[in-house]
Amino acid sequence: MAICRACTPARRPLNRTAMTIRVRFAPSPTGRIHIGNARTAILNWLFARKAGGEFILRFDDTDRARSRAEFADGISEDLAWLGIAPDIVQHQSKRFALYDAAAEQLKDGGRLYACYETPDELERKRKRQLARGKPPVYDRAGLNLSDEDRAKLEAEGRTPHWRFKLSARAVVFDDLVRGEQSFDLTSVSDPVLIRGDGSYLYTLPSVVDDMDMGVSHVIRGEDHVTNAAVQVDLFEALGGTAPAFAHHSLLTGADGKGLSKRLGSLSIEALRAAGLEAMAVVSHAALVGTSDAIVPHHDMGGLIDSFDLGKLSRAPARFDEAELANLNARLLHETPYSEIAGRLAALGCDAGEAFWLVARQNISKLADISQWHEVTYGEIDPVIAADDLAFVTGAVDALPDGAFDETTWKTWTSAVKESSGRKGKALFMPLRLALTGLDHGPELARLLPLIGRDRAIERLTTGSG
RNA sequence: GCCCCCAUCGUCUAGUGGCCUAGGACGCCGGCCUCUCACGCCGGAAACAGGGGUUCGAGUCCCCUUGGGGGCGCCA
């Protein structure tokens, strides 16, 4: 009998409140996360926070050979840096009893069956089907094996892998990003749930945990859409109900090609090491591919307020590092002193609000601030061209009396202009070069008071001695 | 090979048959801010992939082509 979702009795073996919104981010700790994974995590986080729900970080570490604790720790660090603080952290490697029980339940119900083909044999079957223009769907040979067949195969030394028998029906679900999705399960291979070595593939643990943990919404990349149909069938075979699904499109590189090749440089770890602001990364990841303008956010608040899965485009979006860099600079340019003082101090560059406000406009990464700190307060090499020596020396005498303030520059350069007859670039550039050693930099009107009279005189007279 | 999704300025997008002379944001270009690089402000250039339909009327609906993404694993 075909299973009808609508008339399946509501059997929820979960002691969870039905209405609780709960999402999960389930990375496998076989490496660090990259911008694509992080985007999924951020989307989940924003959704959970907006709904007042919970965010589960669930490590998919059932593959003991490839999973490593340090990667799990690294991923936790990456998320923390991004501002994501999971409400619950779980490790699937500690939950095998649940998966074993579910597997038994499926075997008892005739939904999990043993198969004995080797990977090679399966590959040949697929090739043959493809050659004949047929879809490479598993032929269910394992399902038709008799007890004697199995005994014989095992006597040959073969150990079975186990497949889930999909029901013969179309699965329909309403994807929160993609709309109604319909999949004919007869055109999909029965998924292998348990490997020949007895280990679990991701499908069963994922479904079992989503049920057990009361996950209400599964938000993930569109590379999982077909899996969703299979999982709906599994959820129901296990006596549960599938959560709501939302499959967002994937990111491509700036060239429009898949992101997969350059994941190393796009790891969160690498972006952080490159000196980018976490909120620049978060802002970009949260807004790219949506109808909202990609603007810097200083905290999650605004992002949470405007978050809506419906704003996500179904088309792939490009991740452009140049745009991220630009966003990072814009974020810094508008960052108030109070928000950054602690980090300036950590860099040894906390010289007060006035310094930050003038210097921030000339940085694209926070670390760039040290250059301006040095230019303002440290030792520099004044640049005074031979042609400008007399001019610069003369300018020293024109320095106004009294404490320097933001009017000093104007007063001073006006006087120098008067006495020297110079104007424009010829007037200002030699002064900038002498005062900062550079032909570019923050506004001198605001920088000069910070440099102060003593340092200014010292720099202006350096080349003359 | 087959299946699914997508297709508007360089990029992210608004657009749900007349409100579109196609809007916004970033970027780009120009101007201004008595100097530079920036910041800021003002202004400008910039797109409906192509071809067929349907319709009085199509960016908007349908088909084909092209292009991009995803899937068809004892990966996740």
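Basis for what follows: all heavy atoms, side chains included, without hydrogens, waters or symmetry-related copies. These numbers were taken from a predicted model, which means no experiment stands behind them.
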Quick one: side chain to side chain donor-acceptor pair (under 3.5 Å) partners of [X], sequence neighbours excluded?
X: Tyr138(A); answer: Glu117(A)
X: Ser28(A); answer: Thr30(A)
X: Thr118(A); answer: none
X: Glu443(A); answer: Arg446(A)

Sugar-phosphate only, base, or nothing, as touched by Thr203(A) at under 4.0 Å among non-hydrogen atoms: nothing

Touch class at under 4.0 angstrom, heavy-atom based, for Leu431(A) against every strand present: nothing

[atom1] spacing across the pair [N] / [M], given as an integer number of angstrom:
N: U54(B); M: A46(B); atom1: P; result: 33 Å
N: C48(B); M: G23(B); atom1: C1'; result: 13 Å
N: C28(B); M: A45(B); atom1: C1'; result: 9 Å
N: G71(B); M: U13(B); atom1: C1'; result: 27 Å
N: G30(B); M: C39(B); atom1: P; result: 14 Å

Residues that Tyr202(A) engages under ring-ring contact (aromatic ring centres under 6.0 Å, His included), provided they are two or more places apart: His224(A)

Residues that Trp162(A) engages under ring-ring contact (aromatic ring centres under 6.0 Å, His included), provided they are two or more places apart: none

Which residues share a side chain to side chain contact (heavy atoms under 4.5 Å, CB included) with Asp78(A), sequence neighbours left out: Arg32(A), Ile33(A), Ile268(A), Glu269(A)

Could you write out each protein N or O paired with an N or O of nucleotides 6-11 of chain B at a distance under 3.5 Å?
| unit_1 | atom_1 | unit_2 | atom_2 | d |
| --- | --- | --- | --- | --- |
| C6(B) | OP1 | Arg314(A) | NE | 3.0 |
| C6(B) | OP1 | Arg314(A) | NH1 | 3.2 |
| C6(B) | OP1 | Arg314(A) | NH2 | 2.3 |

Distance-only donor-acceptor test (3.5 Å): side chain Asp63(A), base A76(B): no

Base U34(B) to side chain Lys423(A), donor-acceptor N/O within 3.5 Å cut-off: no

With both distances under 3.5 angstrom, what nucleotide forms a Watson-Crick or G-U wobble pair with [N]?
N: U54(B); answer: none
N: C29(B); answer: G43(B)
N: U21(B); answer: none

Arg422(A) backbone acceptor or donor facing Ser420(A) side chain under 3.5 Å: yes

Short side-chain N/O contact from Lys257(A) to OP1 or OP2 of G68(B), under 4.0 Å: yes

Presence of Ser199(A) side-chain N/O under 4.0 Å of C74(B) phosphate oxygens OP1/OP2: no

Whether Phe183(A) and Phe173(A) hold their rings parallel, tilted or perpendicular, with breakpoints at 30° and 60°: parallel

Pull out every protein N or O sitting under 3.5 Å from an N or O of nucleotides 39-45 of chain B, one pair per line with the distance.
| unit_1 | atom_1 | unit_2 | atom_2 | d |
| --- | --- | --- | --- | --- |
| C39(B) | O2' | Gln361(A) | OE1 | 2.8 |
| C39(B) | O2' | Gln361(A) | NE2 | 3.4 |

His224(A) over A76(B), stacked by centroid distance under 5.5 Å, angle under 30°: yes

Whole angstrom value for the distance that separates C1' of C3(B) from CD of Gln129(A): 15 Å

Between A38(B) (P) and Arg432(A) (CZ): distance, integer Å: 12 Å

